[in-house]
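To start, the structure itself, in structure tokens.
Each ligand, and each atom within it, is numbered from 1 in the order the structure gives. Source: prediction; values computed, not measured.
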Amino acid sequence: MIIRSVIEGVGSYLPENIVTNAELSKRVDTSDEWITERTGIKQRHIAPKGQNTSDLAIAASKVALEAAGMDGRDIDMVIVATTTPDNTFPATAAKVQAALLKPGIPAFDVQAVCSGFVYSLAVANNFIKVGQVGTALVIGAETLSRFLDWTDRTSCVLFGDGAGAVVLKAGKGEGTSADRGILSTHLHSDGRYFDILQADGGVSSTQTSGLLRMKGKEVFRHAVVNLAETAREAIEANGVEFKDVDWLVPHQANLRILDSTSEKLGLSKDKVIVTVDKHANTSAASIPLALHQGISDGRIKKGQLLLMETMGGGFTWGSALVRL
Ligand code: UT7
């Protein structure tokens, strides 16, 4: 018998305000045609002024807790994966804890940009596996619209706001891939690529939060290779094959990246959960948002094998194999 971290509930939240490609093309020199063809994005949700990352995180968490049949008192730890915290400090997780959870539990943010959710899932999984906590709330939440350069057409069209959350609970397994729960996580980084995808400021360097800057083509090139590699290591570590995977639930940056990765892995496109068309790239929120979308529309079912994979600034990248 071993301990497994089982996903008991999933939730998400998207701000009401939707901005289409056509609307964006009135603000910058772009077109629906270019954005659709190069990225697959058709629209994104943008949080109004006054609605912050913690608000999205709290809304998503309420849905996840309800789905798990739990309330805030049942949660032993909360992690928020975000690059767009409400404040530089304290952690956005502190606001989630104050709003929904017991005082006294560990609450912290994880900063691994688009890989933040998979990193946080790995951290929470390890806390559960050593028996330090019995439950954990893991959230990916972003208001990326707040640190975009709205005059830079090469980046501002790509991102959106949103949040997704999962409730993990310690369960028992046999140590095989038939167990429910997180079967493995693999995390990586390579800081030599720091400048390729970054905010051009920070507390220490400029005393501002900076704006998002990306050399898109270079990120794309690395993403396709790194995503395929980390997906393969997840499969190999568990003695399963790609044909056993029911759903690829990837980070949503670009439809061309999703298509090219699934093709490399020999996974049919109908096994890939795609939300980039409706949400754009929501960084750490994109995987739990996609997971909740797949569960809500009835495609993803309890007991199925899910492969999550991601790549983002740092560079950071990683994967998680999970049986729901
Ligand atoms: O979540 C973190 C991971 N992030 C990613 O994985 C993003 C990875 N990168 C990408 O998704 C793609 O590289 C982009 C979508 C960012 C760009 O697509 P691309 O096919 O690599 O285009 P490009 O950067 O080579 O630009 C092609 C042309 C350029 O014009 P010229 O130099 O050929 O005349 C750009 O100036 O498209 C132009 N362009 C635009 N045109 C209309 C760039 N952005 C736009 C735009 N509208 N929004």
For Val157, atoms of ligand 1 separated by under 4.0 Å from a heavy atom: 48 (N)

Under-4.0 Å protein heavy-atom contact, atom 37 (O) of ligand 1: yes

Any donor-acceptor pair under 3.5 Å from Thr316 side chain to Ala112 backbone: yes

Heteroatom distance test (Thr39, ligand 1): nitrogen or oxygen, under 3.5 angstrom: no

Ligand 1 versus Trp34: contacting region, heavy-atom distance under 4.0 Å: side chain

Geometric N/O contact His251 with ligand 1, under 3.5 angstrom: yes

Donor + acceptor pair across side chains of Thr20, Glu23 (<3.5 Å): yes

Between Thr230 and His186: side-chain donor-acceptor atoms closer than 3.5 Å: no

Minimum-distance protein heavy atom relative to atom 6 (O) of ligand 1: Ile257 CD1, 3.2 Å

Any donor-acceptor N or O pair under 3.5 Å, side chains Asn52, Ser54: no

Under-4.0 Å heavy-atom contact with ligand 1, by part of Val113 that carries it: neither

Identity of the nearest option to atom 46 (C) of ligand 1, non-hydrogen atoms only, from Thr30, Asp152, Thr310: Thr30

Backbone N/O of Arg38 and side chain of Asn254: donor-acceptor pair under 3.5 Å: yes

Main-chain N/O of Thr92 paired to Asp109 side chain as donor or acceptor, under 3.5 Å: yes

Intermediate values then yes/no, salt bridge (Lys or Arg N to Asp or Glu O under 4.0 Å), Lys42 and Asp32: CA-CA 7 Å; Lys42 299 297 288 181; Asp32 176 42; 3.3 Å; yes

Options Arg256, His222, Lys215, Gln252, ranked by nearest heavy atom to atom 18 (O) of ligand 1, top entry: Arg256

Which of the ligand 1 atoms, numbered from 1, are nearer than 4.0 Å to a heavy atom of Asn281: 1 (O), 2 (C)

Atom 32 (O) of ligand 1: any protein heavy atom closer than 4.0 Å: no

contact_flag Ile35 ligand 1 heavy-atom lt 4.0 Å: no

Nearest neighbour of atom 3 (C) of ligand 1 from the list Ile196, Val219, Thr282, on a heavy-atom basis: Val219

Check: Ser145/Asp161 side-chain N/O donor and acceptor closer than 3.5 Å: yes

Side chain, backbone, both or neither: Leu158 near ligand 1, heavy atoms under 4.0 Å: side chain

Heavy-atom donor-acceptor pair, Asn238 side chain to Ala234 backbone, under 3.5 Å: yes

Glu142 (side chain) donor-acceptor with Ala284 (main chain) under 3.5 angstrom: yes

Distance flag for atom 24 (O) of ligand 1, protein heavy atom under 4.0 Å: no

Numbering as shown, the atoms of ligand 1 that approach Asn254 to under 4.0 Å (heavy-atom distance): 10 (C), 11 (O), 12 (C), 15 (C)

Proximity winner for atom 35 (C) of ligand 1, if only heavy atoms of Glu37, Arg153, Arg38, Met214 are counted: Arg153

Arg323/Asp179 ion pair, N-O < 4.0 Å: no

Under 3.5 Å side-chain donor-acceptor pair for Arg44 and Asn281: no

Numbering as shown, the atoms of ligand 1 that approach Cys114 to under 4.0 Å (heavy-atom distance): 1 (O), 2 (C)

Contact with ligand 1 for Leu197, non-hydrogen, under 4.0 angstrom: yes

Shortest reach to atom 9 (N) of ligand 1 by a heavy atom, considering only Gly312, Ser155, Ala253, Gly216: Gly216

